[in-house]
Amino acid sequence: MANRSPAKRASAAIPHGLGRAELLEMYRLVRLTRSLEEKLELLFKQSKVIGGLFRSLGQEGESVASAFALRRRGDGTGDMLSPLIRNLGSMLTIGARPVEVVRQYMARGDSPARGKELNIHFTDYRRGFIGQISPLGDLVPVMAGVALTFKQRGEDRVGMVYIGDGATSTGAFHEGINFAAVQRCPLVVIVENNGWAYSTPTRMQTAAKSFAAKAAGYGAAADRVDGNDMLAVYGAAKQAVERARAGAGVTLIQVDTYRRRGHAQHDSQSYMDAAEIERWAATSDPVDRYVAALTGSGWASARELAEIDRAVDAELDAAVAEAEASPLPEPFEARTDVTGDGPVAGPWYRLDPPDPTKA
Amino acid sequence: MANRSPAKRASAAIPHGLGRAELLEMYRLVRLTRSLEEKLELLFKQSKVIGGLFRSLGQEGESVASAFALRRRGDGTGDMLSPLIRNLGSMLTIGARPVEVVRQYMARGDSPARGKELNIHFTDYRRGFIGQISPLGDLVPVMAGVALTFKQRGEDRVGMVYIGDGATSTGAFHEGINFAAVQRCPLVVIVENNGWAYSTPTRMQTAAKSFAAKAAGYGAAADRVDGNDMLAVYGAAKQAVERARAGAGVTLIQVDTYRRRGHAQHDSQSYMDAAEIERWAATSDPVDRYVAALTGSGWASARELAEIDRAVDAELDAAVAEAEASPLPEPFEARTDVTGDGPVAGPWYRLDPPDPTKA
Amino acid sequence: MATATKRRAKPEHVSLTAQGKPVTLLEAIREGLWEEMERDPSVFLMGEDIGVYGGAFKMTEGMLEAFGGLRVVDTPISEIGFTGAAAGAAHMGMRPVVEMQFIDFIACAYDMITNYVATSRYRGSGAVPMVIRGPSGGYVRGGPFHSQNPEAAFFHTPGLKIVYPSTAYDAKGLIKAAIRDDDPVLFFEHKWLYRRPQLREVLPNEDYVVPIGKARTHREGKDLTIVTYAALVHKCAEAAELLEKEDGLDVEIIDLRTLLPLDDDAIVESVKKTNRLLIVHEDTRTGGIAGEIAMRVSEKAFEWLDAPIQRVTALDAPIPYSPPLEDYFLPQTDDIVKAARWLAGY
Amino acid sequence: MATATKRRAKPEHVSLTAQGKPVTLLEAIREGLWEEMERDPSVFLMGEDIGVYGGAFKMTEGMLEAFGGLRVVDTPISEIGFTGAAAGAAHMGMRPVVEMQFIDFIACAYDMITNYVATSRYRGSGAVPMVIRGPSGGYVRGGPFHSQNPEAAFFHTPGLKIVYPSTAYDAKGLIKAAIRDDDPVLFFEHKWLYRRPQLREVLPNEDYVVPIGKARTHREGKDLTIVTYAALVHKCAEAAELLEKEDGLDVEIIDLRTLLPLDDDAIVESVKKTNRLLIVHEDTRTGGIAGEIAMRVSEKAFEWLDAPIQRVTALDAPIPYSPPLEDYFLPQTDDIVKAARWLAGY
Ligand SMILES: Cc1ncc(C[n+]2csc(CCOP(=O)(O)OP(=O)(O)O)c2C)c(N)n1
Ligand SMILES: Cc1ncc(C[n+]2csc(CCOP(=O)(O)OP(=O)(O)O)c2C)c(N)n1
Ligand SMILES: [Mg+2]
Ligand SMILES: [Mg+2]
């Protein structure tokens, strides 16, 4: 997984049928992801983030590159994905906006989940993403059903669902991917092997030689790719997406990467080897490697990238300012949208005068 | 899977280190299994069986042969198994008695489950079997835990759990076998592929090329065997049991067989191909094939087998008579053994006079 | 596919009402499912053995042939899987109806239903119009895992609706209402009622729904209110007849039909009339829904109560299999009679 | 392995009581777990990240080092798997204690717990001595899946016991009782109480247990009974102080401690003294355990009630994340004050 030296790639043709504009857009997205998380970390340290903060440092590349392989439209006719907590990059790639993410983390009333759900747990069917819930694995069956409906309706749309190395141990993952495979649903399952599930190393999660090896147990196609090589991830994802779109069913792609931060901000990472983290940072940072590929291959100039960086910073400053100006939700909102039958009853003892018959 | 002609096996040495006595005992057990089910079917037609009746016709061989590979003791120091509804043969092999089974099916008060649970859902830890419950897959995690304790205590005991082709689709199966494999628990998982899950053919259950292919996804050893060749099943099971006993962890064995009857008595099998059933009956009945092997190889004479048949019939006649003489449970027993704190409260309105304060 | 099949003549077994023939509770639900499948192409069915086999109780018989494999989906044995898949399909605008082969196995999908499906609207992921249905209840010697009444496990989950009908008319009207409802509905079908000849009735030969959330007065009375549902509606009716004959008691029976949301008004109104309340359910005692009903009546009609609210329920145990045990475990008509007598005499 | 480790000196963080230092609720449970691990080699721990990491809340910190990997088992993310495995180990004579990283995920094991574990004794497969424990409850901005109170989902399952302590003393005594109990015990730990300095207390430096099934009078009073448990014991106490000062009301607080089996006698006795009952729980309203308590009081002490039983609970919704929403959603001290005032004035 040694970093490819610019030399080796010099004057290479752009792979996977990508154009220069797309390469730059992918750069913008991965940069946006990392910078947004850095902003969030700042806000977290200022106690402006409510609840935990989850970094995807070192994994942003695969999030962006895999989602980039989807048909991204924003009008409800494109592909659909469901991310994990560390797939901020996938969300931004398919259309989530930084200001939405900041509002979510700051529990604002105008955040997509209106303060009812946290961090990147939010949904937009038109843009093509379905927010996960905390119980791991549950979105695999759900996305299998999304893909089933594409098949039922004869739509050439594809679903993509992300699952961590740890979450592959859940019954939901198993039942969902088996269902999708036997029904030949157009679904791509990205297994993110970042080496850790909270403090649990992969070897304590499963005795399987690889996660790709699980595919055969479902009759799904398998692929495995260096998760910090954005172009490789894009290539693998693109192929799987096209397979699915062509009606050839489920592909499980193992993307190997590394979680350089703790599970969340509170996690000291005491159980991790600092040298290992350093090595990944030095030799396999997805952004560095992508920049090296872009510049080393003459696909982009340092100046172009610097411009993008400036634009990203400006966008994020604006997003944070906007989010900070956002109001917290109205308490009453706690009662809305439980069912379609209107707000649920409020507490009788908060009435004036209190009246239990009105409960 | 063609039936081996006696000629081919003539004067062959007994494989897998088995002795003649063991061969005859296996014959007795498989005969006992089939004949007991035939008796039960008779009782069912006389409406003496309460609830459903499940036949393992055509699968008895693998049940007996796999369980026969276990250390069977009856004093709580042997191996442990957990059967499925169609593993009557495994139960009898590890020590369940026909009269217990008949009492269970007749819902008698002196049945092992005292009328609280049905058919072969009963347990004896000393003899080494744990009754399943209806929700499929649940016993895989449970048996993983049984095997975990063997490992914790440094006991050289082994667990064996049966799972149907259909039940491999459950989350419980997945979580249980993955847990056992990563913990290197001494567990053997027998996947019984009998072609059907109720009315669902294997191809609608999973797109996997085989069930053995699932093993790699858990880092478990895999084997696959002709389930109606008792000696082959014994050999595969024996090897897996010894692997487990030696601390080498989990083996998944796919045994291919065929469910010649419906899911239960009420099932007309309309969805099955009569010719296919006939073909399995004619060319691959496990008992016929075993008899052919025994006699064709000069390991047993027709006279010996006939004697065993007579003994089995006598035993079963006695068992049925005994069971029919057994009492139904006392109603009050419905209140016992919910917790260790004594019987649960009875209904206040059945007191004389009724008294709700005593509920 | 739907259109293609509309041209076919409707099979006999789903044309009984059209022919003016009486239907059982099972047949009523089957007709309801069939008519919704014809009415709305976004409705589809999923479950184990529901296709070729037509389901363990033959509820979906003939539907695969009529509507095809894309709308009648045989699934692997994966309650988490197909329940979650139904939610995903619902997100995309479909209206899935999933069958638990026996409702007992809904426990396997407990997380998916309570954490994912029930909270979707609240989380901002939108309504999840789906129905989870299946054969429920005891009195059939089914043992601990083929006899359960699962309502209490879900009654506590905001975002769900729960329906448990006792008559053919209600069953057909409520399955249609459930399918058309934008929220997830758990639709429980009592297998002891499925084919009971006494429940056969001729249904209106037109499209109708029974509103979710409205109880029904099964029997009018002034001396005592019995609130119940599902199979026990019929045992309560038996008891009421007997109490009228033997004690001259005039018992009112409220059939809840919908358990969530509860129809407080119907209950309270009846209690204010009779001043005595007996709650009867087949489910076990502790944590059964009788408690919630009693709590609400205490909150809203305490002063109208002339006697303590009482309940007749199953015992606090798993459901035993052997007839003497199950008979003792489950509420029987005679139990209702005795409890009602005690209350009336209070 | 156990013996080998006994020789080691006990780490500081589980020696606080031995040193006469006060402990938090979390530290009390940790000491209880540690002491049971030392006392009985059949006790062992399973869960996600409980080994090297010591658990998400550090409950099992240092235990892997002290007791080794065979007794402190880090599991895959498999609630069905390790819960079932615990049952299997219990069958073999072990006494497993499994941790749900957050109790919300117990939903994934709902089938295994209610259908397999809870029914084992009844089915003739013997007692299943195991404990399922985990951080529970709200007031921590945890959102819908890190704030749940799961008691109502299991309260309905015969065969289980449920414990939910509110003080350090009870927490230590009850975790020991739970581990020594032959039945499966769900042990819920309120994360808002885990490290609350106000709950610090010096515990007896000897082995003690608090019996399962016995409530505790947290505060004596004669005007009104409040039945509550877990975090709300402390909000009720706050409210009681205020009501004494401002209204001269003498409020009795019963801390259930054990939810299953319920201590009817303690509740009924108090109600017979005060003739007014307010039930307060953090869980949502419909189907929460308040209903069962009200039902039982109605059955056993109806004539002693001078006012309708009332309850203060969370709203019937998932648990929202944003502070203004969670504050509005959950019961607050002021709510208890208002409800108690209304009851007292009735
Ligand atoms: C069913 C379930 N069990 C436990 C948890 C607690 N939990 C949250 S994240 C996590 C680790 C996830 O690891 P992995 O799947 O590898 O994803 P990663 O964090 O590495 O991206 C755990 C155990 C959960 N969310 N859901
Ligand atoms: C979780 C669960 N879902 C559904 C059922 C209903 N059911 C009972 S047996 C069966 C088919 C089992 O097929 P398989 O696992 O292949 O075992 P076989 O009957 O072929 O021996 C089904 C669906 C169940 N018992 N448990
Ligand atoms: Mg990971
Ligand atoms: Mg099968």
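In what follows, every heavy atom counts, from backbone to side chain, and hydrogens, waters and symmetry copies are set aside. The chains referred to below are lettered A, B, ... by the order of the sequence lines, with proteins before strands, and numbering in each begins at 1.
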Quiz prompt | When A89(D), G126(D), G124(D), A118(D) are compared by non-hydrogen pairs under 4.5 Å with chain B, the top option | solution = A89(D)

Quiz item: What part of F44(D) gets closer than 4.5 Å to chain B, counting heavy atoms only: side chain, backbone, both or neither?
Solution: side chain

Quiz item: Checking V117(D) against chain B: side chain, backbone, both or neither under 4.5 Å from a heavy atom?
Solution: neither

Quick one: donor-acceptor pairs between chain B and chain D, under 3.5 Å, side chains and backbone, table format.
from	atom 1	to	atom 2	distance (Å)
T123(B)	OG1	S125(D)	OG	2.6
Y125(B)	OH	H91(D)	ND1	2.7
Y125(B)	OH	S125(D)	O	2.5
P141(B)	O	A85(D)	N	3.4
Q152(B)	NE2	L70(D)	O	2.8
R153(B)	NH1	M92(D)	O	3.2
R153(B)	NH2	M92(D)	O	2.3
E175(B)	OE1	E79(D)	N	3.3
E175(B)	OE1	I80(D)	N	2.8
E175(B)	OE1	G81(D)	N	2.8
Q183(B)	NE2	D74(D)	O	3.2
A334(B)	O	Y122(D)	OH	2.6
D337(B)	O	Y122(D)	N	3.1
G340(B)	N	D183(D)	OD2	2.8
D341(B)	OD1	K161(D)	NZ	3.2
D341(B)	OD2	K161(D)	NZ	2.9
A359(B)	O	K300(D)	NZ	3.2

Exercise. Under 4.5 Å, counting heavy-atom pairs only, tell me which of G176(B), A172(B), A113(B), P135(B) racks up the most with chain D.
Key: P135(B)

Atom group of [X] that falls short of 4.5 Å from chain D, counting heavy atoms:
X	result
F173(B)	neither
L139(B)	side chain
A334(B)	both
V338(B)	both

Practice problem: List the atom of G81(D), the atom of P141(B), and the distance in Å for their closest heavy-atom pair. | Solution: O-CB, 3.6 Å

Quiz prompt | Side chains of V344(B) and P158(D) in contact at under 4.5 Å (non-hydrogen atoms) | solution = no

